[in-house]
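Heads up: the structure comes next, in structure tokens.
In each ligand, atom 1 is the first atom listed, and ligand 1 is the first ligand listed. In what follows, residues are counted from 1 in the order of the sequence shown. For the numbers below, each heavy atom of this structure counts, side chains included, while hydrogens, waters and symmetry mates do not.
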Amino acid sequence: VVTSGTTHEPIDPVRYIANRSSGRQGHAIAAAAAALGAEVVLVSGPVSIPDPAGVTVRHVETAVEMLAAVEAALPADVGIFTAAVADWRVAGEASQKMKKTGAAPKLALVENPDILATVAKRAVDRPRLVVGFAAETENVVAYAKAKRQRKGCDWIIANDVSHATGIMGGDNNTVHVVTADTVEDWPDLPKTEVAARLVARIARLFQEDRP
Ligand code: C5P
């Protein structure tokens, strides 16, 4: 199971909160896993790139819908949570388009469910390997190690977005793979190559562990 893209959190029927995630890294991971023979469910927020070939795609809009679609796709051997999920949604979204009369509206926000942490901490049907992502601008590896523990996942793929124009939406990614006891610094690579290496590394893990 792979999540990808942004989420859209509605304000009213025509407006929403979102972010700049293109879905390119998550879609590349889903495609690479399928190319290696995995049965893949890709849960994608709104993106402008095509569905990858050979993958079952569940299209969702909001974080709440994304969590439900992920849970419906379990059990799975591996969960890879690449989506840039909106941290907050609007409390009490308006059922009609908000009018531009009077004072500017104030949006009350409520926290969205953390899909990665929810799945990583499941008592039943937790995937054997749960992988999260972390975009940081400083102390990248230290924050990633802390995030790995806090979220309860097995690996964190951390990227330094401090000097990057365009990691979100760009072609390349420079990542550090943080596991329970190792940190691997990967070179700057196309997102498709990050995806290929990541799924190859996961396949190796499952091969080594085969009884
Ligand atoms: O806490 P932060 O947003 O930095 O964590 C990033 C990781 O958590 C990513 O793997 C992202 O897909 C996941 N996440 C999630 N649900 C959220 C927020 C983040 O699955 N609501």
**Request:** Output yes when the distance from some N or O of ligand 1 to some N or O of Ala134 is under 3.5 Å, and no in every other case.
**Result:** no

**Asked** Are more than 12 heavy atoms from other residues, nucleotides or ligands located less than 6.0 Å from atom NZ of Lys121?
**Response** yes

**Proximal atoms of ligand 1 relative to Pro113 (non-hydrogen, under 4.0 Å)** = 16 (N), 17 (C), 21 (N)

**Item:** Member of Asn159, Asp188, Thr192 meeting the side chain to side chain donor-acceptor pair (under 3.5 Å) criterion with Asn172
**Value:** Asp188

**Contact check: Lys147 vs ligand 1, nitrogen or oxygen atoms, below 3.5 angstrom** = yes

**atom 14 (N) of ligand 1 [closest protein heavy-atom partner, distance rounded to 0.1 Å]** = Asp114 OD1, 3.9 Å

**Message:** What I want to know is whether Gly132 and ligand 1 share at least one N or O pair that is separated by under 3.5 angstrom.
**Reply:** no

**Prompt:** So, is Ile115 polar-close to ligand 1, with some N/O to N/O distance under 3.5 Å?
**Reply:** yes

**Prompt:** How about Phe133 and Leu116: do any of their side-chain heavy atoms sit closer than 4.5 Å?
**Reply:** no

**Asked** Looking at atom 18 (C) of ligand 1, what's its closest protein heavy atom, distance included?
**Response** Val85 CB, 3.9 Å

**Prompt:** Around atom NZ of Lys145, are there more than 12 heavy atoms of other residues, nucleotides or ligands at under 6.0 Å?
**Reply:** no

**Request:** Looking only at distances, please establish whether an N/O atom of ligand 1 is found under 3.5 Å from an N/O atom of Lys151.
**Result:** yes

**Item:** Atoms of ligand 1, numbered as shown, that sit under 4.0 Å from any heavy atom of Phe81
**Value:** 9 (C), 10 (O), 11 (C), 12 (O)

**Message:** Any salt bridge linking Arg24 with Asp171? Criterion: basic side-chain nitrogen under 4.0 Å from a carboxylate oxygen.
**Reply:** yes

**Request:** Answer with yes or no whether the hydrophobic clustering places Val78 together with Val199; edges join I, L, V, M, F, W, Y residues whose side-chain heavy atoms lie under 4.5 Å apart.
**Result:** yes

**Prompt:** Which heavy atom of the protein is the closest neighbour of atom 13 (C) of ligand 1, given with residue, atom name and distance?
**Reply:** Leu116 CB, 3.7 Å

**Residues Ile17, Leu109; criterion side chain to side chain contact (heavy atoms under 4.5 Å, CB included); working and verdict** = CA-CA 11 Å; Ile17 296 174; Leu109 302 178; 3.9 Å; yes

**Message:** Strictly below 4.0 Å, N to O, side chains only: are Arg126 and Asp154 in salt-bridge contact?
**Reply:** yes

**Heteroatom distance test (Ala83, ligand 1): nitrogen or oxygen, under 3.5 angstrom** = yes

**Request:** Work out whether the distance between some heavy atom of Cys153 and some atom of ligand 1 is less than 4.0 Å.
**Result:** no

**Contact check: Phe133 vs ligand 1, nitrogen or oxygen atoms, below 3.5 angstrom** = yes

**Message:** Run the side-chain hydrogen bond (donor to acceptor under 3.5 Å, both in side chains) test on Thr182 and Glu184 for me, step by step, so that the C-alpha distance in whole Å, both residues' side-chain angles and the decisive distance to 0.1 Å come before the verdict.
**Reply:** CA-CA 7 Å; Thr182 59; Glu184 293 171 20; 4.7 Å; no

